[in-house]
> 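Attaching a single structure in structure tokens format; questions to follow.
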Amino acid sequence: MLKQFTQLLSIQFKEFFREPGALFWSFIFPILMSFALGMAFSDKPEMSQHAAVVIPSTDSSFLKTYLSNNCSKSSSQKNEYQKSVDYKELGKTTTHFIPTTWKESEIMMKRGQIELILTENKGKINYHFDPANFTSRLAYIIVSGMMDGKNLVSTNSVIKPLQTKGTRYIDFLVPGLLAMGIMSSCLWGISYGLIEKRSKKLLRRLVATPMKKSLFMITMFISRFVFALLETVALLTFAYFVFDVTIQGSIIAFAAVIISGSFFFMGLSILLASRTANTQVGNGFISAITMPMMLLSGIFFSYSNFPDVMIPIIKYLPLTLFADSLRSIINEGFGIMDIIQPLLILTITGLTTFFIGLKIYKWY
Amino acid sequence: MTDTNTQPIVKAVNIKKTFKDVIALAGVDLEIMPSEYTALLGPNGAGKTTLVEIIEGIQKPDSGEITLFGKHWSGNKDELYKQIGLSFQETKFEDKLTAAETLKMFAAFYGLNDNRVEEILNIVNLQEKRKSYVVNLSGGQRQKLALGIALLNNPKLLILDEPTTGLDPTARREIWAILHELKKNHGTSMILTTHYMEEAENLCEKIVIIDKGKVLAKGTLEQLIADSKTSEIVQFKVLDKSTFPDFSKFKNLRETQWEDSTNVVTMSVDNTSAFLPEMVSYLNNAGCKISELRCRYVTLDDLFIRMTGRKLTD
Ligand SMILES: Nc1ncnc2c1ncn2[C@@H]1O[C@H](COP(=O)(O)OP(=O)(O)OP(=O)(O)O)[C@@H](O)[C@H]1O
Ligand SMILES: [Mg+2]
């Protein structure tokens, strides 16, 4: 019994650590991701925008005069003009003006190379852009303000950049990456692993012995749980040393959420793997579940930008519950009672799916 | 105690199994006695795998009764699995485990220690490959690993589904040698499925010919040949079919088979030495020219063709 247990457990670990792909996605990828995104959004980056300018052939053109008087020739692109405004707190904003024809400018717009097209008609400047596009809208506000000779920062206002912990992008990102990592490693590790074993007919070979099926399942859960913990510790350690991210709330609450989230995704994994014998079908199932949640659940950007009707649904997606709870513990200092509702939802649905999955599980 | 040797180890009675519209087994009976090696011989789709998997407790029959060591599968799974060893037609073991690790894992299920793993590595001759990942083993080495796993618990009954399919003759003979040794030293019983006549003849004293879910014949090779009432075959090629005379007056001739595409005639004959001279002069008189004349003893192949109307390996 003990021998079976230790053998099965050691096999699970060996399988995991001998798979370079699994190691990369579980440990390296989340760290790289947090590093790249954390850096990209950490200091005031230079903002740059591009506008095509169609200059009319008439002699007295406002646009032509504006470009030659107020802008400098671009050093890299011969034909281009550029104008930079630099405010200490806001960072630098550079607008590139590209004189061209209407036809060319349309192509550039289609290729996403520019945000605006400027033309001139009867002394008025016309701005052509898609109002649904946020960056175009922002570019319009900035460029039109500049052309009207206004200041980008109102003299009546003072900008106070927030640098406190818990409000930076990296603080938003790390809990999301933790939740996403646990979701993927459970679904790919357990679900896909089991489906693959079944398709190789290894599962039925295993049960055609006196092996205890319960031990097989338990050791798989233990090993996956250990991997989830290692993943969590690796990413948190990295985030602590590089970005000074710390858990501001209760460590116990944090552990409880990690456990309940793992429970949920383990249960779901068993249900998904209970009958599928085909790895392609399994692949499709898992992608169909993980992909939408990765996009909707506010892992990389807040879900508050989605339409209002969707938000109540998004809030109760398992990955959202998981990520939001982690986030509120890490950034807002929540304790266990503050997150008891998502904690219970995740644990109970996890156990339910687990037992349903086990009930309908096909070993042969 | 007195009748332990006369009680069958496996007893299958009237086993039926249907998949949707395919009748895989149409009422099969099978008995395996202690220290008996039995070959299930049949072409693709005959129902061999279905039958052995029902015996192994992996599939459930639609009807019929199956007992191993006098016990039914339900309620006795663990106990029965401790006593049998098996290999499926196709199992892929974990790619990134070594041969030795794979054996160790299975050994743990039986409560066996590493000494037994070493013994098995020696028996199946995989000592040199003990540290190779399964993914890097050749087809033959993987089959040997599967056989090694089947032998771990020193089973009284071994059930092997096509253990040598796809192997070269040397590798096949190596596996045969292991199985011969086992019988000699341990009195193991075995059910083996195969497409190869030679394998059935070489390994098993009892042969069960199965096709389309039915047992067509069973017994020792000698019994099967005796039952077919002929033991000799005369075979030749006719150059011009229209000149071939009527052979009905020949008493020693039991059966004539024509292969239309090649014009090869196969005759089952009782007494070749009496028949042959008469046949040659009869053909001469009729002006029928022949080539590639051959005489031989009847083989399983001939029996199989006679029973099913097709070749085993087609
Ligand atoms: N799970 C299944 N679903 C549907 N049909 C099946 C299933 N298993 C077997 N069959 C059908 O039952 C028949 C017998 O199959 P079986 O695998 O027992 O043949 P076999 O003698 O082992 O053939 P082979 O030599 O190719 O391994 C075949 O016609 C096969 O298509
Ligand atoms: Mg088969």
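By convention in this document, chain letters (A, B, ...) are assigned in the order of the sequence lines, proteins followed by strands, and residues within each chain are numbered from 1.
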> If I measure from the heavy atoms of chain B, does A:Leu8 come under 4.5 Å with its side chain, its backbone, both, or neither?
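Side chain of A:Leu8 only, per the 4.5 Å heavy-atom cut-off to chain B.
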> Kindly write out the residues that satisfy ring pair (Phe, Tyr, Trp, His ring centres under 6.0 Å) with A:Phe225, not counting sequence neighbours, or none if the list is empty.
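Scan of A:Phe225 (ring pair (Phe, Tyr, Trp, His ring centres under 6.0 Å), adjacent residues dropped) gives none.
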> Most heavy-atom pairs under 4.5 angstrom with chain A, which of B:Glu79, B:Lys82, B:Lys77, B:Glu101?
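Among B:Glu79, B:Lys82, B:Lys77, B:Glu101, the one with the most close pairs to chain A is B:Glu101.
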> Counting only heavy atoms from other residues, nucleotides and ligands, does the tally under 6.0 Å from NZ of A:Lys200 exceed 12?
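Yes.
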> Spell out, as yes or no, whether a donor-acceptor pair under 3.5 Å connects the side chain of B:Arg172 to the backbone of B:Leu167.
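The answer is yes, because a donor-acceptor pair under 3.5 Å joins these two groups.
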> Which residues pass the side chain to side chain contact (heavy atoms under 4.5 Å, CB included) test with A:Thr209, not counting sequence neighbours?
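For A:Thr209 the side chain to side chain contact (heavy atoms under 4.5 Å, CB included) partners, ignoring immediate neighbours, are A:Arg205, A:Met211, B:Phe106, B:Phe109, B:Tyr110.
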> Tell me, please, which residues at least two apart from B:Ser87 pass side chain to side chain contact (heavy atoms under 4.5 Å, CB included).
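B:Ser87: side chain to side chain contact (heavy atoms under 4.5 Å, CB included) contacts with B:Ala146, B:Leu160.
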> With a 4.5 angstrom heavy-atom cut-off, could you sort out which part of B:Leu112 is near chain A: side chain, backbone, both or neither?
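The backbone, not the side chain.
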> Relative to chain A, which segment of B:Asp95 carries a heavy atom at a distance below 4.5 Å: side chain, backbone, both, or neither?
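Both parts, backbone and side chain.
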> Just so I understand: if I count every heavy-atom pair under 4.5 Å between each of B:Ile84, B:Leu97, B:Asp78, B:Leu86 and chain A, which residue has the most?
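When all of B:Ile84, B:Leu97, B:Asp78, B:Leu86 are compared, B:Leu86 has the most.
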> Between A:Arg198 and A:Tyr364 (side chain of the first, backbone of the second, donor and acceptor by atom type, cut-off under 3.5 Å), is there such a pair?
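Pair absent, no side-chain N/O of A:Arg198 close to backbone of A:Tyr364.
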> What residue, out of A:Arg18, A:Lys14, A:Gln4, has the most heavy-atom pairs lying under 4.5 Å from chain B?
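Ranked by contacts with chain B, first place is A:Arg18.
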> Would you please go through residues 53-76 of chain B and name the residues with a non-hydrogen atom below 4.5 Å from one of chain A, in numerical order?
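Near chain A, by residue number: B:Glu53, B:Gly57, B:Ile58.
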> Would you say the side-chain atoms of B:Ser189 pair up with the backbone N or O of B:Ser35, donor to acceptor, closer than 3.5 Å?
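It does hold such a pair.
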> Report yes or no: do B:Thr102 and B:Glu94 form a side-chain donor-acceptor pair below 3.5 Å?
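The criterion, which ignores hydrogens and geometry beyond distance, is not satisfied for B:Glu94 and B:Thr102.
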> Identify which part of A:Lys3 has an atom lying under 4.5 Å from any heavy atom of chain B, answering side chain, backbone, both or neither.
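Both backbone and side chain.
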> Any donor-acceptor pair under 3.5 Å linking the side chain of B:Arg130 with the backbone of B:Ala99?
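Flag not set: sc B:Arg130 to bb B:Ala99 has no pair under 3.5 Å.
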